[in-house]
Amino acid sequence: MVTQEKLLHNISQIPQVNIGHFPTPLEECPRLSEALGGPHIYIKREDCSGLAIGGNKVRQLTFTIGDAVHQGADTIVHGAASQSNHCRQAAAACSKLGLKCYLRLARDHKSIVQGNLLLDHLAGADVEVVDIPFGPELEEYKLKFAEKLEADGLKPYVVTFPRSTALAAVAFTWCVAEIHEQQNQIGIDADWIYASSVGGTQAGLVLGTKALGMKLKTYACAPILWEGKIERICDAANSAADILNLDTRVIESDILNTDDYIGEAYGYLTPECIAALKLVASTEGILLDPVYTGKAMACLIDHIREGRLDSNDTVIFLHTGGTPALFAYNEELVEEHNI
Ligand SMILES: Cc1ncc(COP(=O)(O)O)c(C=O)c1O
């Protein structure tokens, strides 16, 4: 185990850039708790991380772009689904730091100039939607594309697995240290943290809470089916422990992650997600997103209704952002238009 000070000290030793607004708020949600008949719900507002509408990737990019700058890169190459929040936040971080940004995005059902894809263009990134599926093929394409940029004299850094996932886990141990401090300030000791993740976010939450010896247990809701996810999350957590010089080790049984709320596929709405989005917006004025946090909130609501959490429990919901994607789902979200 380590103290909060020691964890923060070790984090401060890792190359990083200053791109976000931290700490993000930890906000009590009494009207949401009441609507659900308990437990005490707090939302950790990673959607308020400052850069270009925020999200969990700002914290993560603090270290991935820190790594790139440390290696002397002048260009970032990234790519994922066409409404990727990660890519939008990377584009904005590059603008802020004066780096070039190339985004190669996989064509899918939401390749429309709205939401994140619109913001990628506004941030001045070089954007191309490619006919390559999101996954290992796209990762390979990004690496090949970077080789071409290198031949043209640029110094590219590719945001890809497994380094990016390990640095995301580093970032979320920092988020845990913030929560640890904020809990002490407001006098709570939460039982659970719920989040949407199938990677570094969960890895960092599990590593950070274990390293600090906290009661807080992590339950994550996957936004996408990912073969071998538990091993991948565990590896990311232990790589982060190595980077941070921590003795703590995460084992597979520490990783609680469900596929039950994905619905038809990644990026497709579910009725439960829409209901969760509307409930949180109408009780607390907090906007979730259609791809990640809406589904994670649907999971939390289900667990409360099933009695897995009761009114004496305290839960932190990690709002990982993603709100720009709402605008790419306008028709599915509000079926009856009466403008
Ligand atoms: C809004 C939002 N929430 C959650 C996640 C999941 O993060 P990860 O699976 O990388 O931990 C992402 C990733 O793209 C995201 O954009």
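Just so you know, ligand 1 is whichever comes first in the structure, and atom 1 is the first atom listed for that ligand.
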Could you tell me which atoms of ligand 1, counted from 1 in the order shown, lie closer than 4.0 angstrom to a heavy atom of [X]?
X: G322; result: 1 (C)
X: T201; result: 7 (O), 8 (P), 11 (O)
X: G321; result: 1 (C)

So for [X], does at least one of its heavy atoms come nearer than 4.0 angstrom to any atom of ligand 1?
X: G200; answer: yes
X: K57; answer: yes
X: G55; answer: no

### Query
Is K44 positioned over the aromatic face of F317, cation under 6.0 angstrom from the ring centre and no more than 45 degrees off axis?
no

### Query
Is the NZ or CZ atom of R104 both under 6.0 Å from the centre of the six-membered ring of Y141 and within 45° of that ring's axis?
no

### Task
Compare every heavy atom of I262 with every heavy atom of K295, then report the nearest pair and how far apart it is.
NZ-O, 2.8 Å

### Nearest heavy-atom neighbours spanning I193 and L216
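Closest pair (atom of I193, atom of L216, distance): N-CD1, 3.8 Å.
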
### Query
Does any non-hydrogen side-chain atom of Y194 lie less than 4.5 Å from one of C221?
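They are not in contact (no side-chain heavy atoms under 4.5 Å apart), so the answer is no.
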
Suppose we measure from [atom] to each protein heavy atom; which comes out shortest, and what is that distance?
atom: atom 3 (N) of ligand 1; result: T320 OG1, 2.6 Å
atom: atom 16 (O) of ligand 1; result: N85 ND2, 2.9 Å
atom: atom 6 (C) of ligand 1; result: S196 O, 3.5 Å
atom: atom 9 (O) of ligand 1; result: V198 N, 2.8 Å

#### Entry: More than 12 heavy atoms of other groups within 6.0 Å of H109 NE2
yes

### Query
How about E231: does its CD atom have over 12 heavy atoms from other parts shown lying under 6.0 Å from it?
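For E231, atom CD is not crowded (no more than 12 foreign heavy atoms under 6.0 Å).
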
#### Entry: Under 3.5 Å donor-acceptor, E139 side chain and F134 backbone
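No; judged by distance alone, with no hydrogens or angles, the pair does not exist.
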
### Proximity winner for atom 12 (C) of ligand 1, if only heavy atoms of W226, Y292, F172 are counted
Y292

### Message
Once you restrict to heavy atoms under 4.0 Å, what part of T293 touches ligand 1? Side chain, backbone, both or neither.
### Response
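No part of T293 is near ligand 1 at this cut-off.
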
### Under 3.5 Å: N/O of D289 near N/O of ligand 1
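In fact, backbone or side chain, D289 has no N or O that close.
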
### Task
Hey, could you give me the CD/CG distance between E181 and N184, rounded to the nearest 0.5 Å?
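Here the rounded value is 6.5 Å.
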
